[in-house]
Visitor: 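Pasting a structure here, questions to come.
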Amino acid sequence: MAEIVRAVEWSNWAHTESTRMARIATPRSEAEVAEEVQRAAARGLRVKAVGAGHSFTGVAVTDGVQLRLGALSGVTSIDATRGEATVHAGTPLHVLNDELAQFGFAMPNLGDIDRQSLAGATGTGTHGTGLRLTGLSAGIRALRIVLADGSVVDCSPTQDPELFQAARLGLGALGIVTELTIAVVPAFLLHAVERPEPLFGLLDRLDEEIEGNDHFEFYWFPHTDRTMTKRNNRVPAGTPKQPLPAWRERLDDDLLSNKLFEGLNRLATRVPRTTRPINAVAARALSERQFTDVSHRVFVTARDVRFMESEWAFPRAALADVLLELREWVNTHDELITFPVECRVAAPDDVWLSTAYDRESAYIAIHRYHRQARGAYFAAFEAIATNHGGRPHWGKLHTRDADYLKQVYPRFADFVTVRDRVDPERRFGNAYLERVLGS
């Protein structure tokens, strides 16, 4: 029987959502997950699975039973011929990366945080950057899911294909995913080049950078015209590793990007007028660096400073226009922004609720320190985003509802139809899903 803790409070990593739940359960097997769903149904309680709580929205919030799947962790099998790994849904990405590496494999692409569970990351649309690479959900080849009646269903492109298409990025709205079969590739090294550059020179050659690198992203520092660019490219087999020296990694990633950045954000929160000089210094504090290391060590960055985030996807061609409109708003308003703005790209995919469904996509993400008020910044960015046909990241802050989302997701109605079939009583529902999917 799963361990049970009764009537407890919970908040997500960023403290943007909190709830009081009837109980928490920590099932140790798929059978116990099914039992918990059936038990909750008998009591008229709703159920939600949660991973690391890294979603900024209420996608994982419940007032009923919270299932923590940390015990369902690890790679169960690898098929080298097919390039697939079967993985328990509760596996944290950092554990998955290490286990795959032991067998000589890797994820084709990753975001820049690895604390999420695999099911949480795919279920909310986590993506990395790279014009020829899709988000994590598009790499799912098959999955197992516990439905509202407690039944366990296998689905794939040939077995209950509509449920499969919906559940690859299911928002936890269809059931509890317990196992995923994902695409993997032979382990590889990336050569990373990170350097500060002027904003307008970068925008002049933006297409060249996006198309000429395996993975390209950049960060714009508000109140300045400076950016930090990141280019990550695969190297030929046999290339030796040349990781960052330990002292440089501690200086850049631990001291400057975390400890010092935390202190500067606290200062800017108490004394807002220091924001502009802080950004001017931050834009030049990180100097150029190059290194070659295993892929997941290059993709992932330690993020210890807590923040709030909103991220939107647009047609790729809109990237510069959206960023410049956001820059104009920042320059003409009194909001003071300490966090850089992150810009990335992704290939089109066929996942129904993917932000990159059927189009080459650009992503812009804005952040605020978690101790600061959101102010008008997030609302202004959302207004710009919607004017460009933007699709909000499902795990990041936004205010859009089903009426808007059905306009920007061509397969939205198909997803809702599957949801009506497998969870008509909304056993896996919550207030966030009511807003974004409809009742």
Side-chain angles (χ1 to χ4, degrees), residues 93 97 106-114 126-136 188-222 224-235 239 241-245 248-258 261 279 282-305 307 309 311 313 316 319-320 322-323 339-347 356 360-367 393:
L93 292 180
N97 292 331
M107 299 282 283
N109 200 10
L110 287 166
D112 60 1
I113 295 176
D114 63 0
T126 294
H127 61 92
T129 190
L131 188 60
R132 293 173 289 277
L133 292 156
T134 60
L136 273 61
F188 60 98
L189 303 183
L190 287 172
H191 177 61
V193 179
E194 303 175 359
R195 62 172 177 254
E197 299 184 45
L199 173 63
F200 291 103
L202 174 62
L203 293 182
D204 285 343
R205 62 178 193 282
L206 190 56
D207 286 340
E208 176 185 339
E209 297 288 0
I210 289 171
E211 295 168 9
N213 291 280
D214 293 335
H215 310 271
F216 177 74
E217 63 184 305
F218 68 95
Y219 295 79
W220 166 62
F221 294 85
T224 80
D225 287 327
R226 303 288 296 175
T227 72
M228 173 61 73
T229 60
K230 294 187 176 185
R231 299 166 180 83
N232 299 329
N233 290 288
R234 293 189 180 213
V235 298
T239 302
K241 286 198 302 182
Q242 292 183 308
L244 281 173
R248 182 67 187 272
E249 188 172 15
R250 286 195 298 271
L251 174 64
D252 290 350
D253 298 337
D254 184 32
L255 179 59
L256 294 180
S257 296
N258 284 299
F261 193 53
N279 278 18
R284 291 170 171 79
L286 297 175
S287 58
E288 180 173 349
R289 64 183 193 176
Q290 298 189 36
F291 57 98
T292 302
D293 209 339
V294 295
S295 58
H296 66 266
R297 286 185 54 81
V298 176
F299 285 133
V300 174
T301 304
R303 302 287 189 199
D304 295 334
V305 181
F307 54 86
E309 181 176 1
E311 182 175 38
R316 172 195 159 190
L319 175 55
V322 173
L323 184 60
F339 268 76
V341 173
E342 184 178 20
C343 302
R344 295 180 285 175
V345 294
E360 288 187 350
S361 296
Y363 293 85
I364 294 181
I366 67 169
H367 314 74
H393 189 301

Visitor: Asp225: what forms a side chain to side chain contact (heavy atoms under 4.5 Å, CB included) with it, not counting sequence neighbours?
Guide: Leu199, Phe200, Arg327

Visitor: Sequence neighbours left out, what passes side chain to side chain contact (heavy atoms under 4.5 Å, CB included) with Ala365? Give chain and number order.
Guide: Glu309, Glu311, Glu342, His367

Visitor: How would you list, by chain and number, every residue that makes a ring pair (Phe, Tyr, Trp, His ring centres under 6.0 Å) with Phe218, sequence neighbours excluded?
Guide: none

Visitor: Show me the pairs that pass side-chain hydrogen bond (donor to acceptor under 3.5 Å, both in side chains) and involve residues 191-203, at least two apart or across chains.
Guide: His191-Gln290, His191-Thr292, Glu194-Arg289, Arg195-Glu197, Glu197-Arg205, Glu197-Thr229, Glu197-Arg231

Visitor: Say you draw a straight line from SG of Cys343 to CG of Leu323; how long is it, rounded to the nearest 0.5 Å?
Guide: 4.5 Å

Visitor: If I take atom OG from residue Ser295 and atom CE from residue Met107, how far apart are they, to the nearest 0.5 angstrom?
Guide: 10.0 Å

Visitor: Walk me through whether Asp112 and Lys230 qualify under side-chain contact (heavy atoms from CB on, under 4.5 Å).
Guide: CA-CA 12 Å; Asp112 60 1; Lys230 294 187 176 185; over 6 Å; no

Visitor: Return yes if some donor-acceptor pair links the side-chain N/O of Thr129 with the main-chain N/O of Val345 below 3.5 Å, else return no.
Guide: yes

Visitor: How would you list, by chain and number, every residue that makes a side chain to side chain contact (heavy atoms under 4.5 Å, CB included) with Pro198, sequence neighbours excluded?
Guide: Arg226

Visitor: Yes or no on side-chain contact (heavy atoms from CB on, under 4.5 Å) for Phe216 and Leu131, after CA distance, side-chain angles and deciding distance?
Guide: CA-CA 8 Å; Phe216 177 74; Leu131 188 60; over 6 Å; no

Visitor: Quick one: side chain to side chain contact (heavy atoms under 4.5 Å, CB included) partners of Asp114, sequence neighbours excluded?
Guide: Leu93, His94, Asn97, Val300

Visitor: With a 4.5 Å cut-off on side-chain heavy atoms, are Thr134 and Asn109 touching?
Guide: no

Visitor: What distance separates Leu203 CG from Glu209 CD, expressed to the nearest 0.5 Å?
Guide: 11.0 Å

Visitor: Mind checking the CH2-CD1 spacing from Trp220 to Ile366? Nearest 0.5 Å is all I need.
Guide: 10.0 Å

Visitor: Answer yes or no: does atom CD of Glu211 have more than 12 heavy-atom neighbours from other residues, nucleotides or ligands under 6.0 Å?
Guide: yes

Visitor: Please name all residues satisfying side chain to side chain donor-acceptor pair (under 3.5 Å) with Asp293, sequence neighbours left out, ordered by chain then number.
Guide: Arg297

Visitor: Could you go through the side-chain contact (heavy atoms from CB on, under 4.5 Å) check for Asp214 and Arg132 one step at a time?
Guide: CA-CA 7 Å; Asp214 293 335; Arg132 293 173 289 277; 3.6 Å; yes

Visitor: Is Pro243 close to Phe291 at the side-chain level, that is, under 4.5 Å between some pair of heavy atoms?
Guide: no

Visitor: Can you list the steps and then say if Val235 with Leu190 is a side-chain contact (heavy atoms from CB on, under 4.5 Å)?
Guide: CA-CA 6 Å; Val235 298; Leu190 287 172; over 6 Å; no

Visitor: Using the six-membered ring wherever Trp is involved, compare the ring planes of Phe339 and Phe307 and label them parallel, tilted or perpendicular (cut-offs 30° and 60°).
Guide: tilted

Visitor: Quick one: closest heavy-atom pair of Val298 and Ala192, and the distance?
Guide: CG1-CB, 3.9 Å

Visitor: Out of curiosity, Phe221 CZ to Thr227 OG1, how far, rounded to the nearest 0.5 Å?
Guide: 8.0 Å

Visitor: So which heavy atom on Pro222 is nearest to which on Val341, and how close?
Guide: CG-CG2, 4.0 Å

Visitor: Any chance you could measure His296, atom NE2, to Leu110, atom CG, to the nearest 0.5 Å?
Guide: 8.5 Å

Visitor: Got a sec, which residues hit side chain to side chain donor-acceptor pair (under 3.5 Å) with Asn232, two or more places apart in sequence or on another chain?
Guide: none

Visitor: For Asp207, what residues pass the side chain to side chain donor-acceptor pair (under 3.5 Å) criterion, not counting sequence neighbours?
Guide: Arg316

Visitor: Before we go on, tell me: are the rings of Tyr363 and His393 under 6.0 Å apart, centre to centre?
Guide: no

